[in-house]
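Scope of the values below: all heavy atoms of this structure, side chains included, with no hydrogens, waters or symmetry mates.
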Amino acid sequence: MRADRLVATLLFLQERGRVTVPEVAAELEVSERTARRDLEALAAAGIPVYSQRGRGGGWSLVGGARTDLTGLTAEEIRALFLVAGPLSATPELRTTLRKLVRALPPTMREQAHAATRAGVVDATDWARNAVTADAAHRSALQGAVVDGIRVRLGYAGVGRPAGERMVDPLGLVAKAGVDYLVAGTDKGLRTFRLSRVTSVEPTGEPVVRPPGFDLAAAWRTLSGAFQDGMHEVTARARVHPDTLALLQRFLGGRVRVGGPLPDGWTEVWVDGPAAKALAGHLAGLGAGVEVLEPPEVRQWLARIAAELGGMYAGEEPPALRGR
């Protein structure tokens, strides 16, 4: 860790030109004694660092000497800070970016600062729920993946209480704003949604990595199986013009639009994982969608309508009163 601190001290000197021991201590969050010892170590190592006593004194680099530790081009710096800038709310990334900025030539620093201000990450969804609650588990799993350590994973499946299982973390995947762990289990490769992870306990044992494992290829196989499952049932339906855009927004690529019908409605085909699930999705659109086939989806819609009618019988929607 001291090597990292010495580099950070050198970069801080380059940025400020002249620094005092209290300034170094505050910046690196160490004691003044440690800060002084690090500055003296730089000088002893042959770095042109010298101290000046008295009013306005401090530690400086001889002749403003500079060391560019990045080797990055201006375009590479811009791309890096555009990606990392919005995520710099984490302490580790803030420290990394701060060190990198100090290593940049002065002409590149303003671009780097501008790139970090070019975006922002809102850590809540539209229901104002936090979507970064799994950050601690993500950090632990990233460490396990990089270090190749097997973990005891606490996980709560859909509709099931949390349980523990032994897994071999092989990689993390982000899809549509949702993070997943790809891991080996006693039942083969599996995916785990990080928002459902309840605990991560490294065991110290090495992971068992499948021969020739490729994370991108494994994810394509695993996600492809899930996506195929979303198209098990197809319903043919007619949709009112006022409802078509809403249907497409809800179900996206699971909706295939046909041509207009003589009554002004539009013919569509909608995919779902099962008849009951598909009926549940379509029921929320009310009379704006009429399923024509298959019979199983129509039967489930009729059942849902009967249950809702029995629950809310006699209650007329405000929009329909007086018509």
Side-chain angles (χ1 to χ4, degrees), residues 122-131 133-134 155-163 173-180 190-198 222-323:
D122 187 341
T124 60
D125 61 19
W126 290 108
R128 299 182 180 178
N129 297 313
V131 294
D134 56 339
Y155 192 76
V158 179
R160 289 180 292 179
V173 177
K175 181 177 178 64
V178 179
D179 292 330
Y180 298 89
R190 293 290 187 272
T191 61
F192 300 90
R193 186 166 176 157
L194 261 63
S195 60
R196 298 186 185 130
V197 172
T198 59
L222 293 166
S223 62
F226 175 80
Q227 289 171 333
D228 290 344
M230 299 300 292
H231 299 267
E232 291 291 328
V233 176
T234 299
R236 185 172 68 90
R238 53 193 289 270
V239 183
H240 189 275
D242 294 341
T243 307
L244 179 58
L246 191 58
L247 174 65
Q248 291 177 300
R249 188 185 310 161
F250 280 168
L251 300 182
R254 291 161 57 189
V255 179
R256 301 187 300 282
V257 180
L261 299 172
D263 58 5
W265 288 41
T266 301
E267 187 176 28
V268 298
W269 288 265
V270 187
D271 297 331
K276 180 180 179 181
L278 183 54
H281 286 306
L282 297 176
L285 298 173
V289 177
E290 180 188 0
V291 171
L292 304 175
E293 57 182 0
E296 294 82 5
V297 178
R298 291 179 58 89
Q299 290 164 3
W300 273 111
L301 282 167
R303 178 173 176 175
I304 293 171
E307 291 177 351
L308 292 176
M311 182 176 292
Y312 301 106
E315 296 186 23
E316 189 177 9
L320 299 180
R321 291 172 186 163
R323 290 190 179 182

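- Of the inter-residue distances, the one linking Arg238 atom CZ with Thr243 atom OG1 reads 11.0 Å to the nearest 0.5 angstrom.
- Listed here is the closest heavy atom pair of Trp265 and His240: CE3-N, 3.3 Å.
- In this structure Glu267 satisfies the side-chain hydrogen bond (donor to acceptor under 3.5 Å, both in side chains) test together with Arg236, sequence neighbours excluded.
- Considering CG of Leu301 and CD of Glu290, their distance stands at 10.0 Å, rounded to 0.5 Å.
- Environment of CZ in Arg303: sparse, with no more than 12 heavy atoms of neighbouring residues, nucleotides or ligands closer than 6.0 Å.
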message: Assess the residue pair Val233 and Glu296 against the criterion (side-chain contact (heavy atoms from CB on, under 4.5 Å)); give the C-alpha distance rounded to whole Å, side-chain angles, the decisive distance to 0.1 Å, and a yes or no.
response: CA-CA 10 Å; Val233 176; Glu296 294 82 5; over 6 Å; no
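- Between Thr198 and Tyr155 the shortest heavy-atom distance is OG1-N, 3.5 Å.
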- request: Evaluate the criterion side-chain contact (heavy atoms from CB on, under 4.5 Å) for residue pair Glu293 and Arg298; output intermediate values, then yes/no.
  value: CA-CA 7 Å; Glu293 57 182 0; Arg298 291 179 58 89; 5.8 Å; no
message: Could you go through Leu285 and Phe250, starting from their C-alpha distance and side-chain angles, then the distance that decides it, and tell me whether this counts as side-chain contact (heavy atoms from CB on, under 4.5 Å)?
response: CA-CA 10 Å; Leu285 298 173; Phe250 280 168; 3.7 Å; yes
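- Taking every heavy atom of both residues into account, Ala279 and Val297 meet most closely at CB-O, 3.9 Å.
- Residues Ala235 and Pro294 come closest through the heavy atom pair CA-CD, 3.8 Å.
- Between Leu247 atom CG and Asp242 atom CG the span is 13.0 Å, to the nearest 0.5 Å.
- Here the closest heavy-atom approach between residue Pro273 and residue Arg254 is recorded as CD-NH2, 3.8 Å.
- Residues passing the ring pair (Phe, Tyr, Trp, His ring centres under 6.0 Å) test with His281: none are found, sequence neighbours excluded.
- For the side-chain contact (heavy atoms from CB on, under 4.5 Å) with Leu282, the lone residue among Ile304, Val291, Val239 that qualifies is Val291.
- Interatomic distance, His231 NE2 to Leu278 CG, rounded to the nearest 0.5 Å: 11.5 Å.
- Of all the heavy atoms in Gly264 and Pro241, the pair that sits closest is O-CG, 3.3 Å.
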